[in-house]
Structure formats: structure tokens, C-alpha cells
Amino acid sequence: IRRAADMHATIPVNEINNRGIVRNAILCLAGRFLNDPNLIDIGIRDFHREPIRVFNEKDGQINEGTGPDANYSGTSYVYAYLYRVFSGDSSIDQKMIDGLRWATRIFDPRGMVTLFGSSTRMPIPDERKIADYLPAMERYADLLPHFSWLIDHGYLDNKALGGCHHCASP
């Protein structure tokens, strides 16, 4: 883990996409595991360069590369959530909440994607895509109770959410 973390620390990934985000989440996780605050500092500093720009300041939309993407926007979001958990960087909480608000506008009440952007790399994401947003919805539900309502009244209905996927609720 030490060698991999040191390698990642020397190779910045200043991209406005899921790759730019996950590199910093990994550094923060490694910093926690290795008790190395320097790795966490690098992850936080580098996240606030380009990767943080996945959050559209105007409406909370999650930009993946060149624009919205019904599939990879969720990937970017859940990696940002993992970054938030591993880094402890509460300065992004409002952006995370704004991103959730945006997501609840692009998913219908059953948790199915209704928005397909011009940069979509997958024509129709599967029904489990909502899972990329569920852990953060649980985290922020105390502030915005309608997140709990959505989870309990449609987002989990008839979904096989287990198995190989981007995240699990911490």
C-alpha cells in the first residue's frame, strides 16, 4: 500500500471526471490506513484543483468530462462521496447536497434515469445506477428528509442492488 500510495502521490490526475476524483479518494484512504497525514493533504489539495469542478456551481449538475452523462455522472458522484468520507473534507458538503438535488431531478420516482445527455457513453444505464447516490442520500437525509422518503418510496423498490457496484454505504 505504501508504494502504491507514494506512486499516486507523485502522479497528479488533474481531470474533471471520475478518474480525477478517485485518485484523490485513494490517497486519502491510504493516508488514513497508513496514518500519513501528508497523503491526505495531497489528496485534499489536488481535489480542489480540477476534480472539484465536476460540481456545476449553477445547478448542482455532475459534469463528467465534457458534460452530463446519465451513467458516468453517477460514477463521478460516488467517487466524490468516497473522497468526502476518506478525506473528512466537509467544505464540499453543500456541493454534495446540490449534486443530490440535481440527481433527484434526473431520476424518476422509481430511481430510473430520465435524462440522457449528449456525452452519454451508455445509452441506457441499468436500474442500479441510483445506487451511486444512495449512501450520500442517507448521510444528508437529516438535513433534507425528502431523501429518506425517496429511498423508502421507490428508489429501492424491486432493485437488485447487491453485488459488484461502485460503492456500499459506510
Side-chain angles (χ1 to χ4, degrees), residues 1-2 4-65 67-107 111 128-152 155-156 161 165-170:
I1 291 176
R2 167 54 64 190
D6 290 344
M7 179 201 67
H8 279 288
T10 62
I11 305 171
V13 182
N14 287 318
E15 300 176 16
I16 306 168
N17 57 33
N18 67 82
R19 292 179 305 277
I21 298 167
V22 77
R23 178 260 186 179
N24 298 302
I26 290 168
L27 282 175
C28 292
L29 174 61
R32 300 257 180 238
F33 182 80
L34 297 168
N35 196 26
D36 184 344
N38 185 51
L39 291 173
I40 298 169
D41 291 344
I42 293 168
I44 292 171
R45 181 196 68 216
D46 288 357
F47 178 82
H48 284 274
R49 288 185 174 163
E50 290 298 317
I52 195 168
R53 292 179 53 212
V54 299
F55 296 105
N56 184 311
E57 296 289 332
K58 204 170 172 183
D59 62 4
Q61 175 178 304
I62 309 304
N63 296 318
E64 168 60 29
D69 182 303
N71 185 60
Y72 279 91
S73 290
T75 303
S76 286
Y77 187 86
V78 74
Y79 289 167
Y81 179 70
L82 292 174
Y83 161 81
R84 167 60 180 95
V85 170
F86 299 150
S87 69
D89 183 359
S90 62
S91 75
I92 69 164
D93 282 346
Q94 189 58 53
K95 292 177 186 310
M96 297 296 295
I97 291 168
D98 292 346
L100 286 174
R101 286 183 177 141
W102 172 79
T104 61
R105 291 191 299 269
I106 68 161
F107 284 96
R128 296 177 302 158
K129 196 65 206 170
I130 192 66
D132 286 342
Y133 298 93
L134 295 177
M137 289 179 83
E138 290 175 357
R139 179 185 197 104
Y140 299 113
D142 287 345
L143 298 171
L144 296 158
H146 73 280
F147 290 158
S148 286
W149 189 91
L150 287 167
I151 292 168
D152 294 340
Y155 280 8
L156 294 179
L161 296 175
H165 216 35
H166 289 120
C167 70
S169 178

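Along the sequence shown, the residues carry numbers beginning at 1. Side chains included, hydrogens not; waters and symmetry mates left out as well; all remaining heavy atoms used. As the structure is a computational prediction, the values presented were derived from the model and not from experiment.
- Closest heavy-atom contact between Tyr83 and Gly43: CE1-O, 3.9 Å.
- Residues Tyr155 and Thr104 have side chains in contact (heavy-atom distance under 4.5 Å, counting atoms from C-beta outward).
- Rounding to the nearest 0.5 Å gives a distance of 10.0 Å between NE2 of His146 and CD1 of Ile151.
- Here the CD1 atom belonging to Ile97 is positioned 10.5 Å from the CD1 atom belonging to Ile92, to the nearest 0.5 angstrom.
- Counted within 6.0 Å of CZ on Arg49, heavy atoms from surrounding residues, nucleotides or ligands total more than 12; the atom is thus considered enclosed.
- In terms of heavy atoms, Ala30 sits closest to Ile1 at CB-CG2, 4.4 Å.
- Asp36 has its side chain out of reach of Ile40: every pair of non-hydrogen atoms, C-beta onward, lies at least 4.5 Å apart.
- The line from CZ of Arg23 to CD1 of Ile42 is 7.0 Å long, rounded to the nearest 0.5 Å.
- Within the model, atoms NE2 of His8 and CG of Asp6 stand 10.5 Å from one another, a figure rounded to the nearest 0.5 Å.
- The distance from atom CZ of Arg19 to atom OH of Tyr79, rounded to the nearest 0.5 Å, is 10.5 Å.
- Ser76 and Asn18 get closest at one heavy-atom pair: OG-N, 3.2 Å.
- Scanning all heavy atoms of the two residues, the minimum distance from Ser73 to Ile62 falls at OG-O, 2.8 Å.
- Under a 3.5 Å cut-off, the side chain of Tyr77 and the backbone N or O of Met96 do form a donor-acceptor pair.
- A centroid separation of less than 6.0 Å is found between the aromatic rings of Tyr133 and Phe107.
- Taking OH of Tyr140 as the reference point, atom CG of Leu100 lies at 7.5 Å (rounded to 0.5 Å).
- The backbone N or O of Asp93 lies less than 3.5 Å from no partner atom in the side chain of Arg84, so there is not a single donor-acceptor pair.
- Contact check on Arg101 versus Asp98 returns a salt bridge, with a Lys/Arg side-chain nitrogen under 4.0 Å from an Asp/Glu carboxylate oxygen.
- A 4.5 Å side-chain heavy-atom check between Phe47 and Leu27 finds every atom pair outside the cut-off.
- No donor-acceptor pair closer than 3.5 Å links the side chain of Arg2 to the backbone N or O of Leu34.
- Summarising the geometry of Asn63 relative to Arg53, their closest heavy-atom pair is ND2-O, 4.0 Å, with the distance given to 0.1 Å.
- With hydrogens and angles left out, the side-chain atoms of Tyr72 and Asn17 include no donor and acceptor closer than 3.5 Å.
- Shortest non-hydrogen contact noted between Gly20 and Asn24 is O-ND2, 2.7 Å.
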